[in-house]
Amino acid sequence: MTANRKAERRTALVTGASRGIGSGIARHLLDRGLQVAATYRSGQENVQKLALAYPELVLPVHLDLTDPDGAPAAVEQIRARWGRLDSLILNAGVWSGGKLAKMDPSGWWGVIETNLRSTAAIARAAIPMLAEGDNSSIVIVGSVVGEVGFAGDTAYASTKAAAVGFARSLAKELAPDGVRVNVLAPGFVETDMTAAVPDGSRRKIASETLLGRFGTVDEIARAAVFLSEDATFCTGTVLAADGGWSL
Ligand SMILES: NC(=O)c1ccc[n+]([C@@H]2O[C@H](COP(=O)([O-])OP(=O)(O)OC[C@H]3O[C@@H](n4cnc5c(N)ncnc54)[C@H](OP(=O)(O)O)[C@@H]3O)[C@@H](O)[C@H]2O)c1
């Protein structure tokens, strides 16, 4: 496919595709036959492995959420390579915890800026291409913590709660263009992000989760692909994939 010609396959942009949940989502979209622009910050090697496993279908894209110029540059690479974007999965994010009274204000705002500003910046850059397609979709990976809260998570939970208001407003803005906007709210999933969660918190979360266990990357990825590809009458919704933790 030459540059700027519209590719025939549906095309997705998955942020934070180098590991964890984002890597799982990228693989599931590729298995569904989409081509995927897979972003990484430090995990270039992992994304290169993905590209080797799915020849011609993966575009590795460096994207640092803290770089204000990063979003337009990333989206431009997709336009140049494939000329279309049908699905935007805003997955990359950071967690940094601590009780509010003890957290350094700059660290607190750093979480907000990294997670929330990048959500708006990447969505803004992607909207023109999304609006050109059919069944275009934005999925924001939020968190159940944005709904139920968690001690030590005021900054992170604020970004995840904000994602819901952001998505519902954007769903209203983009419905005339046929672009759906939804939030996926996972419960606790074993990834690098949760590796340092202490045993006491793990026991508490597991005991509060109706299904009595943590979710897997695979389960969250399937829910993300459902929202992106199959949920053609869903917009402005929040899909909890949390084993019942939020009930
Ligand atoms: N794990 C859970 O229990 C859980 C629960 C609810 C919601 N979530 C949400 O699910 C999403 C993925 O979480 P995860 O558990 O898979 O996390 P993870 O294992 O820590 O992976 C984070 C991903 O985000 C990328 N990333 C981190 N900081 C970045 C930055 N400044 N710029 C660009 N990319 C950055 C990383 O890229 P590199 O590796 O290339 O640096 C990596 O691909 C997050 O939004 C998280 O809040 C997770």
Side-chain angles (χ1 to χ4, degrees), residues 13-28 36-51 58 60-71 73-74 88-97 107 110-119 121-123 138-150 153 155-164 166-167 183-198 201-202 204-206 208-209 213-221 223-224 227 238-243 245-246:
L13 167 57
V14 181
T15 65
S18 49
R19 56 195 162 96
I21 290 169
S23 172
I25 294 172
R27 284 179 186 278
H28 275 261
V36 173
T39 86
Y40 62 91
R41 176 194 48 174
S42 58
Q44 180 173 17
E45 208 176 302
N46 289 343
V47 172
Q48 294 294 2
K49 279 186 197 154
L50 192 66
V58 176
V61 175
H62 179 262
L63 174 67
D64 186 335
L65 301 180
T66 63
D67 174 5
D69 300 323
L88 172 62
I89 312 278
L90 293 164
N91 162 80
V94 292
W95 174 86
S96 177
V111 176
I112 306 280
E113 283 211 16
T114 304
N115 288 353
L116 188 53
R117 191 174 61 180
S118 66
T119 295
I122 301 164
I138 300 175
V139 176
I140 303 174
V141 181
S143 169
V144 67
V145 163
E147 188 179 340
V148 300
F150 201 81
D153 266 359
Y156 177 78
S158 295
T159 67
K160 297 305 185 180
V164 175
F166 178 89
V183 173
L184 176 64
F188 191 98
V189 182
E190 294 281 9
T191 64
D192 294 345
M193 183 175 278
T194 49
V197 174
S201 297
R202 283 168 185 271
K204 180 175 185 301
I205 294 164
E208 290 171 354
T209 300
R213 65 173 177 85
F214 302 144
T216 66
V217 164
D218 198 52
E219 287 171 314
I220 304 305
L227 281 178
V238 180
L239 175 61
D242 66 355
W245 185 14
S246 55

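The model shown is predicted, which means the values in this text are computed figures rather than measured ones. Note that ligands are numbered from 1 as they come in the structure, with each ligand's atoms numbered from 1 the same way.
In terms of heavy-atom proximity, Val189 sits nearest to Pro186 at CG2-CB, 4.4 Å. Between Ala92 and Thr15, the shortest heavy-atom contact is N-OG1, 2.9 Å.
For the pair Gly43 and ligand 1, the shortest N or O to N or O distance falls below 3.5 Å. In terms of polar-atom proximity, defined here as any N/O pair under 3.5 Å, Gly16 does make such a contact with ligand 1. No N or O atom of Tyr40 sits closer than 3.5 Å to an N or O atom of ligand 1. Ligand 1 has an N or O atom lying under 3.5 Å from an N or O atom of Val189, backbone or side chain. Polar contact with ligand 1: present for Ser18 (N/O pair, distance under 3.5 Å).
The option from Thr191, Asp242, Val197 that lies nearest to atom 15 (O) of ligand 1, judged by heavy atoms, is Thr191. Residue nearest to atom 8 (N) of ligand 1, selected from Trp245, Tyr156, Phe188: Tyr156 (by heavy-atom distance). Here atom 6 (C) of ligand 1 lies nearest to Pro186 when heavy atoms of Gly110, Pro186, Ala163, Gly24 are compared. Closest heavy-atom approach to atom 32 (N) of ligand 1 within the set Leu65, Ile220, Val47: this belongs to Leu65. Between Val94, Asn91, Val141, it is Asn91 that holds the heavy atom closest to atom 45 (O) of ligand 1.
Residues Val145 and Tyr156 are in side-chain contact: their nearest non-hydrogen atoms beyond the backbone lie under 4.5 Å apart.
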side-chain contact (heavy atoms from CB on, under 4.5 Å) assessment of Lys160 paired with Val183: CA-CA 9 Å; Lys160 297 305 185 180; Val183 173; over 6 Å; no
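The protein atom (non-hydrogen) at minimum distance from atom 31 (N) of ligand 1 is Asp64 OD1, 3.4 Å. Regarding atom 48 (C) of ligand 1, its nearest protein heavy-atom neighbour is Ile21 CD1, 3.7 Å. For atom 33 (C) of ligand 1, the nearest non-hydrogen atom of the protein is Leu63 O, 3.0 Å. Of the protein's non-hydrogen atoms, Ser42 OG, 2.7 Å is the one closest to atom 41 (O) of ligand 1. Residue, atom and distance of the protein heavy atom nearest to atom 7 (C) of ligand 1 are Gly142 O, 3.1 Å. Looking from atom 39 (O) of ligand 1 to the surrounding protein, the closest heavy atom is Arg19 NE, 2.5 Å.
Under 4.0 Å from ligand 1, the heavy atoms of Thr194 that appear belong solely to its side chain. Contacts of Lys160 with ligand 1, taken as heavy-atom pairs under 4.0 Å, involve the side chain alone.
Under the ring pair (Phe, Tyr, Trp, His ring centres under 6.0 Å) criterion, Phe150 pairs with no residue at all, not counting sequence neighbours.
Atoms of ligand 1 lying under 4.0 Å from at least one heavy atom of Gly20, given by number and element, are 16 (O), 19 (O).
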